[in-house]
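Encoded as structure tokens, the structure appears first; notes follow it.
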Amino acid sequence: MVKQQVFYKYKSLDNFEFLLDLILRERLYAAQHHELNDPMEGVVKIDGTIPKDKEQEWDELIKTFRIVCFSRDKDHPLMWSHYANGARGCVIEFQLIDDQQVHKVSYLKKPILTERHINREKAEEILLYKEKPWKYESESRCLLGGNETFLPINIKSVTFGSRAEKTKVDMLLHILSLCKPDLKVLVMGEQWLINGIKVTSCKQRTYVCDRVRTQDYCPQCTEVKMTQEDYVLRNRGWKGS
């Protein structure tokens, strides 16, 4: 059996509603290329033979994609700094679902665009290129259609940074203990070392029994578990919001 690959999404704690949407609904937002932080997304070198109407056609092609970005690196200092508010945020460990296609971003030189390249396949290829200075991100992507606003995922753990504000962390821990009691939650130690991470969810974890009528059967616990799972399935929103 092939082990399923794990990916990471670094997030700030500043926008609680977006972070909670990601964790509770287990889905990642799919952005359009102009929403990403690299202003060169979708921009290519043109060989000078492309007429203006074809350039417009290229722009329209790029807009038909939505992009989900994440990292293969679980603990990069620059990622903590740039995407998790200087270690005041968190990193979410997750796996993709079923046969979702994932692409590694290339940091080589982008190809030059000619008129014969004005097609959807080339547009998809260009969206998998970034400039070399971004290489530290170790980025992978999923490309979705224009009407697919979210990508469903399976979340494995949440790790809070060493400088995360205690009041925010405590509030999130309380919410997660009620809504996601089985989720593995960790907090980085000040030294950013792996042995400086402590698990915070074990004391709060709720163990839910199965419907099998054993001596430990608890109908209330089972109902809570089913409600949690139903919420995720109903609210992931593969298409639209």
Side-chain angles (χ1 to χ4, degrees), residues 2-11 18 21-22 25-74 76 78-79 82-84 91-155 236-241:
V2 179
K3 187 177 180 180
Q4 190 172 359
Q5 190 171 1
V6 177
F7 300 100
Y8 304 90
K9 186 70 174 180
Y10 292 80
K11 295 289 291 183
F18 298 130
D21 183 274
L22 192 168
R25 293 183 174 182
E26 298 196 50
R27 62 184 191 173
L28 290 173
Y29 175 66
Q32 293 185 314
H33 76 283
H34 61 80
E35 297 178 89
L36 302 177
N37 58 358
D38 180 2
M40 300 304 292
E41 291 283 359
V43 176
V44 293
K45 291 184 178 180
I46 297 175
D47 68 354
T49 65
I50 301 179
K52 288 294 182 181
D53 62 322
K54 286 293 184 179
E55 289 185 26
Q56 181 64 35
E57 184 179 337
W58 173 260
D59 290 338
E60 294 302 320
L61 270 174
I62 289 292
K63 292 177 183 177
T64 64
F65 291 92
R66 299 187 77 98
I67 307 159
V68 184
C69 308
F70 39 86
S71 179
R72 299 183 300 278
D73 194 327
K74 66 179 180 180
H76 196 293
L78 287 179
M79 295 295 288
H82 296 166
Y83 294 98
V91 62
I92 296 164
E93 176 191 22
F94 68 92
Q95 291 176 326
L96 298 176
I97 296 175
D98 301 326
D99 58 349
Q100 294 166 352
Q101 189 174 15
V102 61
H103 310 271
K104 282 187 178 182
V105 170
S106 173
Y107 301 97
L108 301 175
K109 190 175 180 180
K110 287 184 181 179
I112 295 176
L113 193 68
T114 65
E115 185 172 354
R116 66 186 178 86
H117 291 140
I118 307 298
N119 55 59
R120 187 172 176 81
E121 291 72 24
K122 181 58 68 171
E124 179 175 330
E125 179 187 342
I126 292 299
L127 288 173
L128 301 178
Y129 277 87
K130 291 189 77 170
E131 300 294 333
K132 195 171 183 180
W134 298 94
K135 189 174 182 179
Y136 73 91
E137 294 181 339
S138 299
E139 185 179 337
S140 290
R141 292 181 167 184
C142 289
L143 301 181
L144 307 184
N147 65 334
E148 297 175 311
T149 313
F150 294 95
L151 177 73
I153 58 175
N154 284 326
I155 294 179
R236 269 180 172 148
W238 174 264
K239 296 184 179 182
S241 58

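Side-chain atoms are counted along with the backbone in the values below, which use heavy atoms only and exclude waters and symmetry mates. Start at 1 with the first residue, then count along the sequence.
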- Query: Which atom names give the shortest non-hydrogen contact between Leu61 and Thr64, and what distance separates them?
  - Reply: O-OG1, 2.5 Å
- Value for CG (Leu128) from CZ (Arg141), rounded to nearest 0.5 Å, stands at 7.0 Å
- Item | Pairwise distance SG(Cys142) to CD(Glu148) - rounded to 0.5 angstrom | 10.5 Å
- Query: Under the side chain to side chain contact (heavy atoms under 4.5 Å, CB included) criterion, do Val105 and Ser140 qualify, and how do the steps go?
  - Reply: CA-CA 5 Å; Val105 170; Ser140 290; over 6 Å; no
- For residues Phe94 and Phe70, establish whether the separation of their ring centroids is below 6.0 Å. yes
- Set of residues satisfying salt bridge (charged side-chain N to carboxylate O under 4.0 Å, His left out) with respect to Lys9, sequence neighbours excluded: none
- Message: Please find the pair of heavy atoms, one from Ala123 and one from Trp58, that lie closest to each other, and give the distance.
- Response: CA-CH2, 3.5 Å
- In Å, rounded to the nearest 0.5 Å, how long is the span from NE2 of His34 to CD1 of Ile67? 9.5 Å
- Taking the six-membered ring for Trp and the full ring for Phe, Tyr or His, determine whether the centres of Tyr136 and His82 are under 6.0 Å apart. yes
- Item | Heavy-atom check, side chain of His76 versus side chain of Tyr83, under 4.5 Å | no
- Query: Do you know which two heavy atoms are closest between Lys11 and Ile92, and how far apart they sit?
  - Reply: CG-CD1, 4.3 Å
- Message: Distance check, rounded to the nearest 0.5 Å: Lys122 atom NZ versus Leu127 atom CG?
- Response: 12.0 Å
- Task: Using a strict cut-off of less than 4.0 Å between a Lys/Arg side-chain nitrogen and an Asp/Glu carboxylate oxygen, indicate whether Lys130 and Glu137 qualify as a salt bridge.
- Result: yes
- Item | Heavy-atom donor-acceptor pair, Glu124 side chain to Glu121 backbone, under 3.5 Å | no
- Message: Between Lys104 and Ser138, is there a side-chain heavy-atom distance shorter than 4.5 Å?
- Response: no
- Query: Are Arg66 and Tyr29 close enough that some pair of their side-chain heavy atoms sits under 4.5 Å apart?
  - Reply: yes
- Are the charged groups of Glu93 and Lys74 less than 4.0 angstrom apart, N to O? no
- Message: Given 3.5 Å as the limit, does a donor-acceptor pair link the side chain of Gln4 with the main chain of Leu96, or not?
- Response: yes
- Task: May I ask you to test the Asp21-Arg27 pair for a side-chain heavy-atom distance under 4.5 Å?
- Result: yes
- Item | Interatomic distance, Leu28 atom CG to Leu151 atom CG [nearest 0.5 angstrom] | 6.0 Å
- State, with a plain yes or no, whether a side-chain heavy atom of Asp38 is found less than 4.5 Å away from one of Trp134. yes
- Task: Please tell me if the side chains of Met79 and Tyr8 come closer than 4.5 Å, counting only heavy atoms from C-beta onward.
- Result: no
- With sequence neighbours excluded, residues passing salt bridge (charged side-chain N to carboxylate O under 4.0 Å, His left out) with Glu60: Lys63
- Message: Return the CG to OG distance between Leu78 and Ser71, rounded to the nearest 0.5 Å.
- Response: 11.0 Å
- Step-by-step side chain to side chain contact (heavy atoms under 4.5 Å, CB included) determination, Leu22 to Phe150: CA-CA 10 Å; Leu22 192 168; Phe150 294 95; over 6 Å; no
- Should Arg72 and Phe7 be marked as a side chain to side chain contact (heavy atoms under 4.5 Å, CB included) after you check the CA-CA gap, both sets of side-chain angles, and the distance that decides it? CA-CA 5 Å; Arg72 299 183 300 278; Phe7 300 100; 4.1 Å; yes
